[in-house]
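Lettering of chains follows the sequences in order, A, B, ..., and the numbering in each one begins at 1. This one's a predicted model, so the numbers in the text were calculated from it and none came from an experiment.
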Amino acid sequence: MTDANSAGVIAGGFRAGGLRVEAKALARVLGIQPPRGLQEKRVTDADETEATLAWDALSDLLAQSGVAPKGLAKLFVASQDAAGTAAVLVDVLGDDSLDVVTAPGDAQSSASALATALHQAQTSEGPVAFVAVQATTRYDPSVTVEAAAMMEDGAGAVALLVGADAAVQSTGHKNSHGKRALAQVRKELNGGAEDAAGLSQVAAAVLPEKRRGLERSLGNLPLAPYSADRLGALGAAGPPAALLQMLAQSKPGQQVALLVPDAERVQALTFQVQEVPRVRSPEAALQDPSVQVTGETALHVARTWQENAHAEPRGAYVPYPIFAGQNPARLRLSGQKCLGCSRLLFPPRERCPGCAGADFESHRFKGEGSVYSVTKIGTGGAPGEFAPLQSARGAYGVAVVELAEGPRVAAMLTGPALDGSGVKIGDPVRLVMRLLYVQEGRPRYSFKALPFAP
Amino acid sequence: MTARRVALVGAGMSRFGVGGKSAAGLFAESFEELRSGLAGMPGVSDGDDADPAVAFLRAHLGEAFVGSLSFGGAQLGNPAALFLEHVGLAGVSARRVENACASGGFALRDAVNAVASGKTELALAAGVEVMNDVPDRHKRYWLGVSGDTEWERTAGLTFPGVYALMAARHMHEYGTTKEQLAAVAVKNHANGALNPKAQFQKEVDEKRVVSAPAVCDPLGLFDCCSTTDGAAMVLVASEKLAGDLMQEPVWVAGSGASTDALAIHDRERLTEIPATARAKEAALQDAERGGFSLGIEDVDLAEVHDCFTIAELMAVEGLGFCGLGEGGAFTKSGATRRDSGNGPAVNPSGGLKAKGHPLGATGVAQAVEVYRQLTGQADKRQVRDARVALTHNVGGSGATCAVHLFQRGDA
């Protein structure tokens, strides 16, 4: 399925989990040997999930590409919980009519979905986004994860904008099964009917210990650098992450391939680089602020919500339908402008507290502001529904945020400052989507305040 | 129309603390103190009734208002009837009044209004709360339901958290220090040490307060009040009835109340509780209508809502005992100590901080202390020559506030 005029990758971005754990420290807690070459990895913080990582990556991509939240023609989501994650993304985008394709599963289904996205983008009437994500925070008690996976799995999300007139054109998708699949693909890439003689680079999302073996199998073709030693295995997000890192270092005119091998199957996606695309590679994203945690903390955070997801509500209870009704405000910062006195209101309300008018137009807040006041809720002080979060990180911070447009709102802190440390009145913050808590088996999302350096 | 004057003619409270008594049991304990005080009054012990005080109440009591959050949920519905039945007063019109921690102050206001309106000659304002009969996580549930549940609470906030946000902002804007906050705890614990009904009757020093474990930065353990079981009640009488009972009535000179946005982020400022200033102004105006010529500078003692140390600083500022932002220095200077002589004695009972804070009972217990002080029955913690007093009761983080002014004898 090669097409000279095929679509390709226009832009791409990557987000890593907010916590960093050393492989040795985690291996000690799990009582197993770490994979060779894995130095450390990124895992999800206690308020990060597939959906929050995916949205972080996707929202960055949309902002950088100048695509409006409702401007996508199609969205592909590849992850373990692709349907759940896609549902949250649709809520955040506020686009109920968006055409969504979900690819539940691992790297292979992610690669297939990417190939499909590239194919369908040729005929699509608007921009197509492909999002692949893996999280390590778990809230489903029925999911048991063996120690080896706990050891290897990292957290990250990739978002790609695909379409026609791309900087990087898709030139093919090969798919081989069976024991000789790798040899078959290698042969096709190197000397088959198609012209692959000029193949410059091959990317694959493999952990360092398997890297050399793969290179040997490929006839000593060196793999493009990929930061698996600091990311861990990223499941569905692995292949597009490796692709992004390769594309970031590519040169115009190069032919490159993404290889996705496992025991039974090998897929290869080939591309022609017309120009170096606008991508934020994993290598660059690893420079984002993160928090180093101990092996114990990493494991505790991963299981934080699992043990509490189905506990009876212990807090000031907001019924789910009421909560979900607030999604436009919580996820999209949709507030009001009073038509009587022009006052901007957030969160939304029935009547204007200023002029008591009831005529509003909706107003979407940008989500930037500053800390008006801040505190830190420590041991024993958390309401029941937040007790798992508090125990995961020792404390959590809460701020009153003054939005740039005027209104103030209470918001939990997130990111490296989740535990409330180092945040002062006046610090700039941005509202981002994070997990509030898991109740009745359902994750609830809202805005939280992420401090940033202006 | 000139309002009818009303007066306090009796008061009682249970021991505050962790008692193991039921709400009805605590109500009965506080009633016993009120009953024995009433029994000795002229105009009460006049027949051959087995219990003249109860007979008097059965004859005159027209309304009862019981402040309670019904914390823990032991008797959520219809508790007022149960309480009155337990003290032999079944039959009296009664209801529960709920405004979170200001339930008691609003029960008092309702009793005052009932008598002032002329509908009854005698009304009971009571409050009761049992907080220590449930496990900690259950307590946190109840402590969390009086704030804004949809936006404030889902940001992970608690009451200590909300007051900590106020404290942080107060420190930021005015340079208020932890030592100034600690001065509230040191003073109120010193007063509580002289109050045999107080939950905590031990003094603490500044070092211990400042170095206590953090609850919500910048507030530490000693910046926060405790959870308390307790009950309190006062009798509110018409001028005519009060004149029969007491030579020098304790007038309820003024009553004022106000509300505000429930969530703190919806308030214009975090460094003050606007409902406090509004309720105070309303109380002063009410006093003026009643023919009392009172200003805030006349107040000899004030029982203010010090659920957290920062709350007392905001209270003394909001009530006008000092300027905005000056509460820290004013308190640290000792001006509000019981014996300072250059400011009102603030929380001579020990306040919520040392006396304890059984939510619904607190606003009424403040009036009990005022009654004791203005009738010269406050023993070791007596404020000398006390003539004018004020109570200030706040619900939640300032969504409700009731302020009352009292005066002994005529001006």
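With respect to chain A, the highest number of heavy-atom pairs below 4.5 Å among B/Thr158, B/Leu270, B/Thr154, B/Asp217 belongs to B/Thr154. Interface check for chain A: of the options B/Asp148, B/Thr149, B/Leu165, the most heavy-atom pairs under 4.5 Å are formed by B/Leu165. Chain A forms more heavy-atom pairs under 4.5 Å with one residue of B/Ile264, B/Leu157, B/Val162 than with any other, namely B/Leu157.
For a residue to count as touching a neighbouring chain, one of its non-hydrogen atoms must lie under 4.5 Å from one of that chain's; by this rule A/Arg349 touches chain B with the side chain only. With a 4.5 angstrom heavy-atom cutoff, A/Val318 touches chain B only via side-chain atoms. Residue A/Leu389 does not touch chain B at all, counting heavy-atom pairs closer than 4.5 Å. With a 4.5 Å cut-off on non-hydrogen atoms, B/Glu173 touches chain A through its side chain but not through its backbone.
Residue A/Lys337 places its NZ atom among 12 or fewer non-hydrogen atoms of other residues, nucleotides or ligands, all under 6.0 Å distant. Within a 6.0 Å radius of CD in A/Glu361, more than 12 heavy atoms belonging to other residues, nucleotides or ligands are found. More than 12 heavy atoms of other residues, nucleotides or ligands shown are found within 6.0 angstrom of CZ on B/Arg278.
Residues satisfying the salt bridge (charged side-chain N to carboxylate O under 4.0 Å, His left out) criterion with B/Glu150, sequence neighbours excluded, are absent altogether.
Rounding to the nearest 0.5 angstrom, the gap separating the NE2 atom in B/His265 from the OG atom in A/Ser373 is 13.5 Å. A/Phe386 contributes atom CZ, which lies 7.5 Å from atom CZ of B/Arg153 (distance to the nearest 0.5 angstrom). Atom-to-atom distance recorded for A/Thr375:OG1 and B/Leu219:CG is 6.5 Å, nearest 0.5 angstrom.
Pairs passing the ring-ring contact (aromatic ring centres under 6.0 Å, His included) check and including a residue from residues 331-355 of chain A, sequence neighbours excluded, read A/Phe346-A/Phe365, A/Phe346-A/Phe447.
Contact record, A/Val374 with B/Ala168: O-CB, 3.6 Å, taken as the closest heavy-atom pair. Residues A/Tyr372 and B/Arg169 come closest through the heavy atom pair O-NH1, 2.8 Å.
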